[in-house]
Structure formats: C-alpha cells, structure tokens
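Written out below as structure tokens is the structure these notes cover.
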Amino acid sequence: MSSVSHANNYCPAEIMVAFLSRDFNDSELGVIGAFSQIPWCAIRVAQALHAPNLWFVCGPSASVNSKYEKLLWSTTDYRLHVGAESRISLDTVMDMQGNPRFIDFGCYGGFQIDKYGNLNMAFIGDQKKPKFRGPGTVGIMATAWLRRSYIFTHFMSPRLFVEKVDFISGPGFMDGPGGREKIGSPSYSEGPRYVVTPIAIFDFDEETKVMRLKSVHPGHTIEEVKSRMGFTPIIPDKVPETEPPTEVELELIRSFDPDRLLPLLVR
Amino acid sequence: MSSVSHANNYCPAEIMVAFLSRDFNDSELGVIGAFSQIPWCAIRVAQALHAPNLWFVCGPSASVNSKYEKLLWSTTDYRLHVGAESRISLDTVMDMQGNPRFIDFGCYGGFQIDKYGNLNMAFIGDQKKPKFRGPGTVGIMATAWLRRSYIFTHFMSPRLFVEKVDFISGPGFMDGPGGREKIGSPSYSEGPRYVVTPIAIFDFDEETKVMRLKSVHPGHTIEEVKSRMGFTPIIPDKVPETEPPTEVELELIRSFDPDRLLPLLVR
Amino acid sequence: MESCGKKRKSKVLPLEEAAKLVEDGMMLGMGGCNSHMGPSAFAREIIRRGVKDLTIVPTNNTGYQTDILLGAGCVKSIYISYVGLDYIGPAPNFRRLAETGQLDIVELDEMGLLRGLKASAAGVDFFPLPGGIMGVDVVKLNPEFFKTVEDPFTGKKVVVVPPIRPDLAVIHVSKCDAYGNGREAGHVQDLLHFASNKVIVTTEEIVPLEDTMANYTDVTIFGRLVDAVVEVPYGAHPGECHGCYQMDEAHLKKYQKAGRDETTFKAYLDEYVYKAQNHEAYLDKVGIAGLLSTLTYHKGGKNE
Amino acid sequence: MESCGKKRKSKVLPLEEAAKLVEDGMMLGMGGCNSHMGPSAFAREIIRRGVKDLTIVPTNNTGYQTDILLGAGCVKSIYISYVGLDYIGPAPNFRRLAETGQLDIVELDEMGLLRGLKASAAGVDFFPLPGGIMGVDVVKLNPEFFKTVEDPFTGKKVVVVPPIRPDLAVIHVSKCDAYGNGREAGHVQDLLHFASNKVIVTTEEIVPLEDTMANYTDVTIFGRLVDAVVEVPYGAHPGECHGCYQMDEAHLKKYQKAGRDETTFKAYLDEYVYKAQNHEAYLDKVGIAGLLSTLTYHKGGKNE
C-alpha cells in the first residue's frame, strides 16, 4: 500500500463506502435493501475497481446488476432498472435467501444494535403499546441465512449501540457462542462480519462473539467511540486507524454520487 | 334444440369435440396437457360459440389464451404462443393446481381407465420390470385437485377400460364412494365428470361412483360399447343418442382444424 | 365464422364501483413496495366510503397506501414486515397509533409474510422456512403463526407458517387490459394476487388486448383472477408508479408531517380526501405543478 | 474513471469443455419439455465421453434428450413424471430398458417432482403437497420420498416431499449472454437452475450484454448461477427450440424406430453420435435438408 495515495477530504460515508467495497469479492452476489445508499455505492465501486464480476440484486426494485449512473435516495426507484440484466419476483427473492448457492452477503441496519450484533427494527417496550415503534423486521431475518452480513449505521449513540436489543429482528450471534446454531442457522452462514459506522469499524471476537473495535477512522479516538456506545466493546491493545479512501477510490465514489447525497446522509 | 340443424358427416373426434365444448362454461379456466388435440379444439369452439370469456392455459407451452389459428399435433409447439395473453412458469402451474381459485377443469387420458374413473399412465405389472411401461404419471394427479376433470380416449378396448387399473396415476373415485375423501381431495373437487370416447359418453353414478353409460354416438350400439370394455358399466334403461355436432359447430371445428388432424387422431 | 357475436366481457369498473367490493372487516391485501406502486387512489376512495375494521396484508414493505388507511380509522389489524415512507421517514399514523396502543399489529418478518402468501397461492396447508428462525423473537411473539414440525426426512425441527389468504387484493400497475392482464413495469408482486380470493387492479392506463398480446411475456397479473380493472391515472400518487412518474416527495413530506398528530392529520384528510370528493378532485387539489414535478426524472443535484 | 481495466469474465466454453463438468454418478438435471428445448447436443456430447451411472432429474416431461442417454448406457436411475416423444410415440429406450428391468425408475408425478425442486430452490427441508394425494399409488410406491406430517395448524395429515438438488443442471435456451443471463422464448423452466448446484446453459446464440439489457424482463435464467455458457446452434435438434426451429419430425420418427431394439439403436448411436465426432459432424450427418425442414412453420396440410 506504500505507493497508494490516500485522500483526506472525504466525508464519513465515503470512508464507510471504501471499507465495504474492499471487502466485497469478485464473483460474489450481494443483495441490498431499502435505504441502502452506502452499500449501493460500495458495490458499484467494487465492481469498477476490483470485482468486475460482482453481482447485485436491488431487493426493493427487483433489478439485477442495475447500471444506473448515480446514487439515488431510494432503492425502490424505477431508475434502478436502467441497465438491469434481469428482474426477479418477490417469491424468488425469498427463495434466494434460503438457497445456499445464492446470496453471499447483505448489508443491514437497525435502530438498536447489541454487543452480539443482533439488530432491532421492530419496537422497544410492550409490542401492544411500544415506547418506540420502528418500521418492522422487514427482510433482515436474512442475517440468519446469508453467507455473511454487514451492519452499517448512519450515526453512533448509546441508544443505538445497546447491551441487548429489545427485540431481535436480525439475528447476529444471539446470546453469544453457539447462539446461531441454536436457532438453526446453516453452518455456512457466518453472521455479521463487520459493523461499519461513521467513526469506527468493529468486528466480532472469534471466541466470545462480542463486538470488537477493529479500527477507528482518522480524526476520531477510542474514547469518543466508547462514549457513543451503550456497552463496552472489546478493545484490543492496539487499534489501528481505518484506511481512508484512496484518491482513486474517492474519485470513483464521487463519480457514482454526483449529486453528493453521501455527505447529507452521515453528517 | 328443435330448430337446430345437425351435421351427419362428422368424424368421431368431432362429436367428441362438440360434446366437450358444450360443457365448458363461460368465464371458466381450463388447462390442457400434452397430446390434447381434442380438448384444444373444444376450448376454441366453446370460446367462439358460447363462452367468449373462457380462459385456457396450454400447460406444456405455458401460454395463456393462445390464439393460434389451427390445431397442431403438439401442445408444446411454440406457435401456441401466438396471441397469448401471458405465459406462466412451471412453478406457477404447480400453484394453480392446488389453488382453489384457479383451474376449473382439465382433460386427461390414460392407457388404463377403470370403472371408478381412475387413470393409469405409469405401468402394468411390477414397477421394477413392468409388463408394459407407459410414459409416467405426468400431471394427471391434478384429477385429485381440480374442480372437475374430463377423461377422453382415442379408442375403446377391453384393455383400455379395465375393472381396476394396475396403478392409479390420476385418481377418479378411487375405490368408490368416499374414495376421494380418503385421499384428502378438496371438497370442491368433484372428480371426473364425463368419459368421452369415440363411440359413447359416460358419466358416474351419483351413489356408487361407477361409470355409467350416458349416451351412445349415432351409428353405434350399446352392445358394441359393452364389447369394447373390460368391465360392465351401469347401463340405464334408456340410453339416448349423443347429440351430434350442429352444422354450426362442425363448421367451427373445421375452421380450427384446416389440416384435418382430427380424422387422423381417431379412426 | 369464428365468432358467435357474443363478446368478451370487460372487467372495467369506475373507481367508486370497485371500491364497493371492499367490505367492513375484510382482510385486504395491499400492493406496492414502500410508497412505490401503491394503490393510493383506491385507498383514498375506501376512506371516503368509511370502511371499517379491515385487516391489512401488505406485500412486504408498505407505505402511504396503508398508512393513510390507518390514519383514517379503517383498520383494525395489520400484518407487517415493514411500514414506512422509505427515506422520507416513519409512516406517521402507523407509528402514532402503535405507540398509543390503538393498533393490533401481527409482527412478522418478510419471509414469514411472503411464505404465508405463497402457501395460499399454492393451495397448501403451510410453508416451511429455512433454518435460522427457530426461537427468534418474531417466532416467540407469534406462536399461533410460526409453528414447529419435525422434518420427516431428517428429524430436524422446522418452523412453518400457515397460508395467508386475503379476501381481496388491490394492486396498482402501469398497464392492464380490460380483461385483467396486467403488467408491472418494475418489481414483480404477482404473489399477492395469486394468494387472494378476489383481485382489483388499478392501472395508469387500460390498454387494448393487442397491446397485451404484443407484450405478453411481461404480463405478471393473471387476468382470470382479476375481478375489476380500474383506470386511475396517477393512481399511485403521491407514491411512484414505475415507468410512469416519480414520487411526489414534497407531498409525502407534507403527509409525513401531518400524520404525526391526530388533529393535523384530520385536516390533511379533510383537504385531500373528504373535500376532494373523488380522484379528479384530489388531483386538482395536488395541482398541475405537483403532478408535473413527478414527471421529471432529473431533479435536484448537479446532473439534474 | 468508471473502469479499473479489469474485465468481466466470460463464462463461454466449447461444448467439449462444458461436457467435462459432467462426472460419473452425478445427479443431472435435464431441461426441456418433451423433446422441446432439450439440451440434445449436450446429451450427445456426454455420450461421446462415455459418462456412466447418472441419475437424471428432468423438469417434468422429458423426451429425446433423456431417452438417448438411457439408450447409450449413461444412466443408472431416473426420476420421472413423464418420458416420451409427445405425439411421435413412446420414448423407445426408456420403455425397452424399463420393460427388461434394466432401469431404476423413481416413479413420481409432476407435482412431487417439481415441488421437490422448489424445496431445493427455496432452501427448505420439504414442500407440502395439496390434499388429494394421500395414499395414492405414487405415494405408496415411494415411502421414502412422500412422507406425512401433521399440519400443526389444523391437525390434518399433509404429504410432503424432500428437496431434489441436482449436482448439475443443463438447460437449452434460444439466447444467452456470456455471463449466463439466458432467455427462454417459450415455456419457463427457471425452477431447475434455481434448484441445482451447478448450471450449464446451452444456447442457440450468445448475445451481447446489450441485448440482454434491452430485453431484461424476458431473462429467466439468473446468470450468477450459471457456470458455463455454450453456443450450440441447433442444440435442441431433433427437438424444437422455441422461437428458432421446429421439431425434426422425420428424424424423431427414425430415432423412435431405432430405439425399440438394442441393435438398431447401437447403429443409430454409431451413425449420429460416435462416428459424428462432434456437433458439427452431427449436423452434417443430419444434412442441410433436414435442418431446413425445421425452419418451415407451415408444412403439410392445406394451409401450409
């Protein structure tokens, strides 16, 4: 990497895009859901830069390998059928999630994320009269089925990163080691691999399955990360800085986001 | 019917077409399988004559409401996509068979038909080394599921009309009254309604579910019918003649069969 | 000679007539994904009719078309996997009614909901889910919906869901002929109409049968299952209709704001539904500028 | 700036290379309906390779493309719902081998077979069948395939089938791009490729990606699942390829006659498969007149 020139004028969403895009491999199939601007960009950048054979399904619009030129607010937008190579029915989308040959990864979020990478999109409190009512579980049960998943967030706060989610919409490691086996997840499904946030990246400790700080984005500190979380993640002795987007990556990211939605998404 | 003028120069398949077409109701949905020249003609005639809202799915070609101009040997022929209003996937064809809203009727045959209207398309003898090997059960288990079915044959012989089929590929009334209930057929599924042959028509006795002679085609006799069967059907005291095609029906039938395949089909 | 003079019967009905097929207490299947392709005009019409006690079954994600029914008091119960207005924000009535304990929510996930619809479409008694959902919270919360059977082949425990069979489904498409052969331009939600007892299709445009035949491989709605076809230009407004117009973002933001409070939402309904006594009056109220804004693909941003 | 110089990788292989993916003892999914749309050239190529002990899983009806494999001794076992040559007559090798006890036939019906494939496509442990099959002969004959569970919702007994997951599926289409996005012109047999571990598509024509994109709603084969794309003009011959050519009725009749007897069938194989060492040689053997005859829609009969 010594000869690579890194950018320094990127916004938080852009370092997130760069990180994700590097982890998407050539010839894989990714699926993106609603409100997935960062994963969309990451896929397009990966395709352009190192993974020309990466396939993606835009779940809400049902398009496959859309080639629409620029980032949109909604992944249900019909423009995502521009350059599509096929479209798939809702029933096939369901098949895809259980079929071991199909999807390699998906990217998900929630309004609560806990230390085992479980996600809540449903509610807090009593379901019949919740303190907070979210939109619902949608398709994020897929975290139980897909080969791997990524968690991404648009902000960090102790209310988002909680010790234990009130309701598991998307299973991470459930209650820790052996948790995914208990719910019957297929053995090829590794669960959430990374948690990608505007200030840091996490992975999960191999043994305890507890969220672990992997790197902190340039300009941010471990203390800041801890202060924005409702639980203490595992913090290794040495926590490196997240690699910023390279100049090449940043130029590409911006070529896919000419309207500059990314800076508005994560402030 | 007194003012209707009947034809007398029809061939056996044509009286079969006329009979079936009269029993297909407007707004129903029929499905036809492979080797179904007679049902195809009957549907087209019904649509033209009294049932303009009759829908049909040509199973093997997957086309809906094909408007191809003339009878073909194969219902898998791509020409049956001419004028189609949609096409359906194999998976949807399966859904249709179990879905109570979908198919009103289908027309089926077999190389053995027994007195309870059960059909065999599979084999005779030991399955591992059969005396006779037929093509297989195909989709005629549908006789257990559809609202009603018709049995049609291209000839009559004691080897075709047997006391008991060696293997039930398409359930008629199984072993008699209550037989369909035992296999779990839905209550709306009435089973085979008519058996349409080149020399006679049968229905099934309401009480015993045994095949009953309903009418004999002009020029044929009850004795002839009996001699061509391996069991004795119920024969009421009075057996009418089958109503021949009207002049109008025959002209229509022939307009759909300009190549005159029907006379070759049943000799 | 090929015609008997009898003509094929059109299924076309005016919006007002088709809306009468919705009866109090029905299970109503709502098409659309988020606020895209929703039968919004149809929803407004059944609000005008004062329909009550509906159970709503959306095809997974749902938005405006369902939220407005909730806010207007038409709904008793709702099966959900997602109710929201996509990037615009929360579905305001859904959230408000839920948080004040006024809504019976059958809390499902997408797989449970859509496999229930598939079981109904296929006429089977239940549908098995992939491993990985055993004992998860949606399952715990709905023991009557998610049940467990033993796989007779392996002895493994498998979660299954029962058929979900709406009494009536309403689907919006861009093109449909008078016999119900409909084409969805974008995503394919054919599952809902296969699963339901009755089907109403609202369409931007009723096309001639010839147009259907010329594009028959794109037909996703099986006409035989359709009971009524309703021509409603801008029928998905303020949502997007794939291939026809974009979301009316300004209107949805206004809607979202109004729905946060009962009083302001009543005012919204008065203005856009009750006083606008039919779809044309609604479109008048939205105004030409609002409608035209949805026809512009490239708006905002430097490329636009 | 939008390209890294790395290029998307073509999946195109010559027929001979693709055929090497078929290994002795595999479960092989065969596309086609009767003799229509069958991967016939592919079948002939694996005969040349002397593949043994295959288990064949057809997408319901199958004809020439499977029967020739049976006659050439490539097959140990076959899942069936129908093997035949449509109106031409019985599939001769199938019948002969079955009646002489030389073939292990898993005797299914269409629903059992296709729901087994759907279970595999959906990644679920079994698929329930509609009521009406309980205790019927296909069920009695295959107690290991059709099992019964109690519906946990109603207590009713329900027959279920296990997933059928071919190691490799071979499907013939009229158009496919180099990345595996394939279009079936007629009937839609997409189920098979969703259910299988590997997929080979043989196609009349490899089309540019632009052609796929311009017709993307007609794509029925999901390219990501495809391992090899093989351009084989007349690849379904002597069967029909929807949208391209008709059945070669004369050839199929000849085939049907030859297959009734072991000796005459060996002669047929010698002539059309072994001595015709590749697909081009096969087409040479068939001859231009034979090929051209399949391009004539209106042949025979007074309109023709």
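Each chain gets a letter, A, B and so on, in the order the sequences are listed, and its residues count up from 1. Hydrogens, waters and symmetry mates play no part in the numbers below; they use all other heavy atoms, side chains included. Predicted, not measured: the structure shown is a model, and the values here were computed from it.
- Of the atoms belonging to B/D95, heavy atoms from both backbone and side chain fall under 4.5 Å from chain D.
- When B/D91, B/T92, B/L90, B/V138 are compared by the number of non-hydrogen pairs under 4.5 Å with chain D, B/V138 comes out ahead.
- In this structure, chain D has heavy atoms under 4.5 Å from both the backbone and the side chain of B/W73.
- Here the two rings, on D/H187 and B/H81, have centers that are 6.0 Å apart or farther.
- Contacts of D/A91 with chain B are absent, with no heavy-atom separation under 4.5 Å from either backbone or side chain.
- Looking only at heavy-atom pairs under 4.5 Å with chain D, the residue among B/P130, B/A144, B/A62 that has the most is B/P130.
- The candidate from B/Q97, B/K131, B/Q127 with the greatest count of non-hydrogen atom pairs under 4.5 Å with chain D is B/Q127.
- Using cut-offs of 30° and 60° on the angle between ring planes, the pair B/Y150 and B/F105 is perpendicular.
- Checked by atom type, the side-chain pair B/S189/B/R180 shows a donor-acceptor distance below 3.5 Å.
- In this structure, the portion of B/P171 lying under 4.5 Å from any heavy atom of chain D is its side chain and not its backbone.
- Interface check for chain B: of the options D/M134, D/R95, D/E99, D/K157, the most heavy-atom pairs under 4.5 Å are formed by D/E99.
- Between chain B and the options D/L117, D/N34, D/I133, D/N61, heavy-atom pairs under 4.5 Å are most frequent for D/I133.
- A donor-acceptor contact shorter than 3.5 Å links the side chain of D/E184 to the backbone of D/Q189.
- When heavy atoms are compared at a cutoff of 4.5 Å, D/N60 approaches chain B solely by way of its side chain, counted from C-beta outward.
- Between the side chains of D/Y255 and D/D67, at least one donor-acceptor pair of N or O atoms lies under 3.5 Å.
- Among B/S185, B/G134, B/G59, the residue making the largest number of heavy-atom pairs under 4.5 Å with chain D is B/S185.
- Between the side chains of B/Q112 and B/D166, at least one donor N or O sits under 3.5 Å from an acceptor N or O.
- Using a 4.5 Å cut-off between heavy atoms, D/I80 touches chain B through its side chain atoms alone.
- Using a distance-only test at 3.5 Å, with no hydrogens or angles considered, a donor-acceptor pair links the side chain of B/D257 to the main chain of B/L261.
- For the pair B/W40 and B/L72, the minimum side-chain heavy-atom distance is 4.5 Å or more.
- In terms of non-hydrogen atom pairs under 4.5 Å with chain B, the most contact-rich of D/M37, D/K156, D/R96, D/K118 is D/K118.
- For chain B, the nearby part of D/R115 is the side chain; its heavy atoms alone come within less than 4.5 Å.
- For chain B, no part of D/S35 is nearby; none of its heavy atoms comes within less than 4.5 Å.
- Contacts between D/A121 and chain B at a heavy-atom distance below 4.5 Å are absent for every atom of the residue.
- Note: B/P135 leads B/G184, B/P135, B/C58, B/S74 in heavy-atom pairs under 4.5 Å with chain D.
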### Task
Might you work through the ring pair (Phe, Tyr, Trp, His ring centres under 6.0 Å) test for D/H36 and B/Y78, ending with a clear yes or no?
CA-CA 9 Å; D/H36 302 249; B/Y78 184 55; over 10 Å; no

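- Of the atoms belonging to D/L113, not a single heavy atom falls under 4.5 Å from chain B.
- With rounding to the nearest 0.5 Å, the separation of NZ in D/K76 from CG in D/L103 is 11.5 Å.
- Judged by the 6.0 Å and 45° rule, B/R133 forms no cation-pi pair with B/F123.
- The aromatic ring centroids of B/F204 and B/Y194 lie 6.0 Å or more from each other.
- Only the backbone of B/S61 has a heavy atom closer than 4.5 Å to any heavy atom of chain D.
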